[in-house]
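Only one structure is covered here, and it is reproduced in the block below.
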Amino acid sequence: MKTLLIKNARVLVTMDQERRELKEGALYAVDGVITAVGNSGELPQDADRVLDLSGHIVLPGLVNTHHHLYQTLTRTFAQDEPLFPWLQSLYPVWSHLTPEAIKVSAQVGIAELLLSGCTTTSDHLYLFPNGSRLDDSIEGAMEMGIRFHATRGSMSIGESDGGLPPDSLVENEKAILKDSQRLIETYHDGADGSRIRIALAPCSPFSVSRDLMRESALLARSYGVGLHTHLAENVEDILYSQEKFGLRPGDYAEELGWVGNDVWHAHCVQLNPDEISLFARTGTGVAHCPCSNMRLGSGIAPVREMYDAGVKVGLGVDGSASNDSSHLLAEARQSMLLQRVKHGARGLKVREAIEIATLGGAKVLNRSDVGVLAPGYQADFAAFKLDELYHSGAELDPVAGLLLCHPVNANYTAVGGELLVSEGRITRLDLQPLLRRHRNIAIDLANKAA
């Protein structure tokens, strides 16, 4: 039995039902599960590991609901393009990915996430050139220690059949379903505290068939795993659905069985009120990716409307080729600011944005064991030390300072009580050799694309 005590936190944000924020907060965990939360003087004073977090703000570990980790290799590409031309310019580059590139890029992206306070992430990998497999990113994630929702993406409709991706990057649908079943049976762990889960994730309405969407849903539900895809990302996306299927994206998803508590859709920038109501009624989740939506000029997602309607909303950094960063705390800040651009100064409050980044993301990924610091939950937390230049003067409300001031890295990030970031450093591997290999692979990809 291993015990952990964190104590003397300046503020410990619980995200429990009362949304308590505890000054001089403390947390006690046994074998990675929280057994007590309270003020430092109220909890046991001894443990196998005691961490004094004086001066720190402690949050539940942040939850990232949408990412394409391989894209850390292609930052700054197609700098001024909207979604469809952006994709078409990057497909040829991504065609040179290898198994090593998938693993290395996953580890770099996860390092970024951990340093930003993220403890659970989803990854949407939907192309598999040169022998690459989802196993490559899973291997990288397991070595890093983060909770990992690996989604088996796919593309089956190429350019010659009216799809967006080149024919060389699409797969046979029977092969996709066979590999999806293999991955579920090999890796998926639905138990509380699991660090690896699988979901099925046909890429988008413009790259897969209706049959694959339906069959993926049937397969996923037969195993009790989640479903994920891109939906209603921009105006062109809406027009494609209407021209090809005669349906808006929400109606298309409903027709194919892609609504429900086991489904979450990325972006949903262009959802209308009826679609928002549909998602709220069915428990369908949304991964909100504000930086990517701004970078690609896709628009402002109706987060305020979704939140008020009761839609499950979490945050996603999206791929690092359309955001160019994997800093989830910065994403929470942008989500708050972007809703204020649309709705005014009260468009999204600080605590609402923190909720979306923690508990909201846990709900989207159907996790009842993370996103809250309370007894029975996993000891997943992020601790931010606010004694730097950027937060001097934020004494009135240091929790609000996390989002209103310059985003900082976590000083400590723990998953199941294990410190994966300690004193601002990744603990499980030496980052510099990884970055050197990552840069070399990125240069090689760029040269091949040129």
> Looking just at side-chain N and O atoms, do S292 and D318 make a donor-acceptor pair shorter than 3.5 Å?
Replying inline: yes
> How long is the span from the CD atom in E81 to the CG atom in L90, to the nearest 0.5 Å?
Replying inline: 10.0 Å
>> Quick one, R248 with E254, criterion salt bridge (charged side-chain N to carboxylate O under 4.0 Å, His left out). Give me CA distance, side-chain angles, the key distance, then yes/no.
In response: CA-CA 10 Å; R248 280 191 56 87; E254 185 178 28; over 6 Å; no
>> Show the nearest heavy-atom pair for residues D369 and R197, with the distance to one decimal.
In response: OD2-NH2, 4.3 Å
>> What verdict does the side chain to side chain contact (heavy atoms under 4.5 Å, CB included) test give for V13 and R351, after you've listed the backbone C-alpha separation in whole Å, the side-chain angles of each residue and the deciding distance to 0.1 Å?
In response: CA-CA 10 Å; V13 179; R351 265 67 178 185; over 6 Å; no
>> Any donor-acceptor pair under 3.5 Å linking the side-chain atoms of D430 with those of Q432?
In response: no
> How long is the gap from CG on L177 to CZ on R182, to the nearest 0.5 Å?
Replying inline: 13.5 Å
> Looking at side-chain heavy atoms only, is the closest gap between K342 and P302 below 4.5 Å?
Replying inline: yes
>> Given 3.5 Å as the limit, does a donor-acceptor pair link the side chain of E171 with the main chain of I176, or not?
In response: no
> Do V63 and T358 touch side chain to side chain, with heavy atoms closer than 4.5 Å?
Replying inline: no
> When you look at C118 and E112, which way does the side chain to side chain contact (heavy atoms under 4.5 Å, CB included) test go after all the steps?
Replying inline: CA-CA 9 Å; C118 177; E112 278 189 273; over 6 Å; no
> Do the side chain of R152 and the main chain of A201 share a donor and acceptor less than 3.5 angstrom apart?
Replying inline: no
> Is it true that atom CD of Q79 has more than 12 heavy atoms of other residues, nucleotides or ligands lying nearer than 6.0 Å?
Replying inline: yes
> Under the 3.5 angstrom rule, does the side chain of N64 hit a backbone N or O of L328 as a donor-acceptor pair?
Replying inline: no
Could you give the side-chain donor-acceptor pairs of residues 210-218 under 3.5 Å, partners two or more places apart or in another chain?
| unit_1 | atom_1 | unit_2 | atom_2 | d |
| --- | --- | --- | --- | --- |
| R210 | NH1 | E255 | OE2 | 2.7 |
| R210 | NH2 | F245 | O | 3.4 |
| S216 | OG | L212 | O | 2.7 |

>> Looking at T284 and W264, would you say the former's side chain and the latter's main chain have a donor-acceptor pair under 3.5 Å?
In response: no
> Do S222 and L219 pass the side chain to side chain contact (heavy atoms under 4.5 Å, CB included) test, and can you show the C-alpha distance, the side-chain angles, and the key distance before you say yes or no?
Replying inline: CA-CA 5 Å; S222 73; L219 178 62; 4.1 Å; yes
> What closest approach, in Å, do V286 and V311 show between heavy atoms, and which atom pair accounts for it?
Replying inline: CG2-CG1, 4.0 Å
>> Between T119 and L62, is there a side-chain heavy-atom distance shorter than 4.5 Å?
In response: no
>> I'd like to know if the side chain of S160 pairs up with that of D167 as donor and acceptor (distance under 3.5 Å, no hydrogens or angles considered).
In response: yes
> Tell me, do R221 and D262 make a side-chain contact under 4.5 Å, heavy atoms counted?
Replying inline: yes
>> Using side-chain heavy atoms (C-beta onward) and a distance below 4.5 Å, is N293 in contact with I300?
In response: no
> When the aromatic ring centroids of H66 and H288 are compared, is their separation below 6.0 Å?
Replying inline: no
> Using a distance-only test with no angle check, is there a side-chain donor-acceptor pair under 3.5 angstrom linking E331 and N323?
Replying inline: yes
>> Using side-chain heavy atoms (C-beta onward) and a distance below 4.5 Å, is I426 in contact with L420?
In response: no
> Do any N or O atoms from the side chain of T74 and from the backbone of F77 form a donor-acceptor pair under 3.5 angstrom?
Replying inline: no
>> Would the distance check show the side chain of S194 and the main-chain N or O of D189 forming a donor-acceptor pair, the cut-off being under 3.5 Å?
In response: yes
>> Please evaluate residues M142 and R195 with respect to the criterion side chain to side chain contact (heavy atoms under 4.5 Å, CB included), reporting the C-alpha separation (whole Å), side-chain torsions for both, the decisive distance (0.1 Å), and the verdict.
In response: CA-CA 8 Å; M142 293 175 76; R195 296 206 189 191; over 6 Å; no
> Could you give all pairs that pass the ring pair (Phe, Tyr, Trp, His ring centres under 6.0 Å) test and reach residues 150-209, with sequence neighbours left out?
Replying inline: F84-F206
> Would D179 and K174 count as a salt bridge (charged side-chain N to carboxylate O under 4.0 Å, His left out) if you check the C-alpha gap in whole Å, the side-chain angles of each, and the deciding distance to 0.1 Å?
Replying inline: CA-CA 9 Å; D179 191 53; K174 288 184 178 180; over 6 Å; no
> Any idea which heavy atoms bring S154 and P202 closest together, and the distance?
Replying inline: OG-CA, 3.4 Å
>> Main chain of T14, side chain of R20: is a donor-acceptor contact present, judged purely on distance under 3.5 Å?
In response: no
> If only atom types and distance count, is the side chain of S116 paired as donor or acceptor with the main-chain N or O of N409 below 3.5 Å?
Replying inline: no
> Got a donor-acceptor contact below 3.5 angstrom from the R147 side chain to the G193 backbone?
Replying inline: yes
> Counting distance only, does the side-chain N/O of H124 pair as donor-acceptor with the main-chain N or O of H68 below 3.5 Å?
Replying inline: no
> At their closest point, which heavy atom of I157 faces which heavy atom of V170, and how far apart are they?
Replying inline: C-CG1, 3.8 Å
> Within a reach of under 6.0 Å around NZ of K103, are more than 12 heavy atoms found that belong to other residues, nucleotides or ligands?
Replying inline: yes
>> Enumerate the ring pair (Phe, Tyr, Trp, His ring centres under 6.0 Å) contacts for residues 127-156, please, sequence neighbours excluded, ordered by first and then second residue.
In response: none
> Measuring from L115:CG to L329:CG, what's the distance to the nearest 0.5 Å?
Replying inline: 12.0 Å
> Do H228 and H265 make the cut of ring centroids closer than 6.0 angstrom?
Replying inline: no
> Do H67 and S326 have side-chain N/O donor and acceptor atoms under 3.5 Å apart?
Replying inline: yes
>> For a quick check under 3.5 Å, do Q107 and E143 share a side-chain donor-acceptor pair by atom type?
In response: yes
>> More than 12 heavy atoms of other residues, nucleotides or ligands under 6.0 Å from OH of Y223: yes or no?
In response: yes
>> Using the rule given for salt bridge (charged side-chain N to carboxylate O under 4.0 Å, His left out), can you reason through K349 versus E355, listing the C-alpha separation, both sets of side-chain angles and the distance that settles it, and then say yes or no?
In response: CA-CA 10 Å; K349 298 177 182 179; E355 178 180 329; over 6 Å; no
> Just checking, is any N or O donor in the side chain of E173 or S156 under 3.5 Å from an acceptor N or O on the other one?
Replying inline: yes
> Given side chains that start at C-beta, do those of S325 and V317 come closer than 4.5 Å, heavy atoms only?
Replying inline: no
>> One thing to verify: whether R428 and E418 come together as a salt bridge, which I'm taking to mean a side-chain N less than 4.0 angstrom from a carboxylate O.
In response: yes
>> Within a 6.0 Å radius of atom CZ on R19, are there more than 12 heavy atoms belonging to other residues, nucleotides or ligands?
In response: yes
> Within a strict 4.5 Å, meaning less than it, do heavy atoms of the R439 and L435 side chains meet?
Replying inline: yes
